[in-house]
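To start, the structure under review is shown below, and the notes come after it.
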Amino acid sequence: MLLLLSGGVWIAMTLAICGWIGQAFFTTTLPGKNLFSAFWESNASWELAALPLFIWMGEILFRTRLSEQMFTGLSPWLNRVPGRLMHTTILGCGIFGSVSGSSAATCATISKVALPELVRRGYDEKLALGSLATAGTLGILIPPSITMVVYAVAADASIIRIFLAGFLPGFLLMALFSGYIMWWSLRHPEKVPAGESGLSLKEKLRRSGSLIPCALLIVFIVWVLVAGWATATECAAYGVLGSLAIAWSSGSLTWRNFWDGLMGTTRTSCMIMFILAGAAFLTKTMAFTGIPRELAEWVAAMQLSPFTLIAVLSLVYLVLGTALDGISMIVLTSAVVLPMIQKAGFDLIWFGIFIVLLVEIAEVTPPVGFNLFVLQNMTGKDSNTIARAALPFFGCLLVCIALITVFPSIVTWLPDALMGKPR
């Protein structure tokens, strides 16, 4: 895989070629038949329809004046915070992640809106790339999340409890990301553009008026989703219509912008779906070879203490994350791992959030870090360059995992408070 990627082969083709070689030489199955089924199953999904819609929403915000208006509105309030507008990547991914439920959609959308504006204003591109790659993973931690649904089904656990359990760790992770940006900015003040000073409260409020349309759109999308009036895909459609309406009312929507946004959405969506298809085929190969199951059974045979078990499982999932997508990691290992976790006395809801955080790490771990691929396609930067930029934020993810392991109530308090402790 590394040889093909370093040779310039398309990412999706690399994944598919590795899957084909694995099935042809290490299993008794027919790779051709599985190739077509994997490509179809990975893309014939109603939930996946939300992906191009959310990307189109980001394209609209990017190609009209709405992205610039958003930064203009946020700028006066972030002037005194170290890092200033760099925090918009974290805030944007956190807010959008609560709507989309997709790591790729969150990363692609916020990158389209935030990255060009940050670079134009003189912010450090490396820091922006690292924060976007990792903060984009908030899409699967802050509910609703497709990954959480898959885990809940595999663990026969309450989906609502797992959704509620994701909020506090999500806010904790956002705080860790922003905390690192503040620390970095204090260490490198020369790389942070100067903020505006001397603005009165009235002027700040006037400039923030440009945030109202986008804020109302986000509130509306979250509201109809939480109220159960619309699915994530339908909310994505509402987001596109709302973005078009806001852009039209502001006078920044032209036929040129509309067409460029549509074409940009098509290219990005096809790239993501093609990679998904290649990853699905490689996942089938991993399932046929039995590597994930063998790893889990090997850990079970070691008879470890509870916290040693968690440490070893973390290493196993980190290794799996270099070759598998998050949902596949859960599906292929849950039958062996979940009984081990229950026997060790860990709460299944807590373990669900633990797994989601490890999946987030997998999203930014080469060679198959999906968010790295998304940013590589959008920026032209090499995925290894983006991975290096994301290393400090990768550390924040590890700190978050350590904190919820030492203080499990960070995960369990909210669902227990709202729904009572499970019997």
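When every heavy atom of Ile142 is checked against every heavy atom of Gly170, the shortest pair comes out as CG1-CA, 4.1 Å. Closest approach of Cys400 to Pro169, counting heavy atoms only: SG-O, 4.1 Å. Closest non-hydrogen pair, Val240 versus Leu53, comes out as CG2-O, 3.1 Å. Closest approach of Leu173 to Glu360, counting heavy atoms only: CD2-OE1, 3.5 Å. The two residues Ile349 and Val411 have their closest heavy-atom pair at O-CG1, 4.2 Å. Residues Ala133 and Thr137 share a closest heavy-atom pair of O-CG2, 3.8 Å.
Using cut-offs of 30° and 60° for the angle between ring planes, the Phe346 and Trp350 rings count as parallel.
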field: Evaluation steps, side chain to side chain contact (heavy atoms under 4.5 Å, CB included), between Ile341 and Ile310
entry: CA-CA 9 Å; Ile341 289 298; Ile310 287 296; 4.1 Å; yes
- request: Might you work through the side chain to side chain contact (heavy atoms under 4.5 Å, CB included) test for Phe393 and Val364, ending with a clear yes or no?
  value: CA-CA 10 Å; Phe393 298 95; Val364 291; over 6 Å; no
- request: Apply the test side chain to side chain contact (heavy atoms under 4.5 Å, CB included) to residues Lys381 and Leu375: give CA-CA distance (whole Å), side-chain angles for both, the deciding distance (0.1 Å), then the verdict.
  value: CA-CA 8 Å; Lys381 302 287 185 180; Leu375 279 174; over 6 Å; no
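One N or O on the side chain of Ser131 and one on the backbone of Ala128 form a donor-acceptor pair closer than 3.5 Å. A donor-acceptor pair under 3.5 Å is absent between the side-chain atoms of His87 and the main chain of Phe177, judged by distance alone.
Summarising the geometry, atom CG belonging to Leu118 is positioned 9.0 Å from atom CG belonging to Leu127; distances are rounded to the nearest 0.5 Å. Atoms CG and OG1, on Leu164 and Thr412 in that order, are 12.0 Å from each other to the nearest 0.5 Å. Taking CD1 of Ile410 as the reference point, atom CG of Leu403 lies at 5.5 Å (rounded to 0.5 Å). Note that the OG1 atom of Thr89 and the CE atom of Met174 stand 9.5 Å from one another [nearest 0.5 Å]. Annotation: the span from Ser185 atom OG to Tyr180 atom OH amounts to 9.0 Å, rounded to 0.5 Å. Leu141 contributes atom CG, which lies 9.0 Å from atom CG of Leu397 (distance to the nearest 0.5 angstrom).
The closest side-chain heavy-atom distance from Val356 to Tyr151 is not below 4.5 Å. Using a 4.5 Å heavy-atom threshold, the side chains of Tyr317 and Val359 count as separate. Within the 4.5 Å cutoff, the side chain of Leu358 has no heavy atoms near those of the Leu313 side chain. Counting only heavy atoms from C-beta outward, the side chains of Ile361 and Leu398 approach each other to under 4.5 Å. Between Leu129 and Thr385, the closest side-chain pair of non-hydrogen atoms is not below 4.5 Å.
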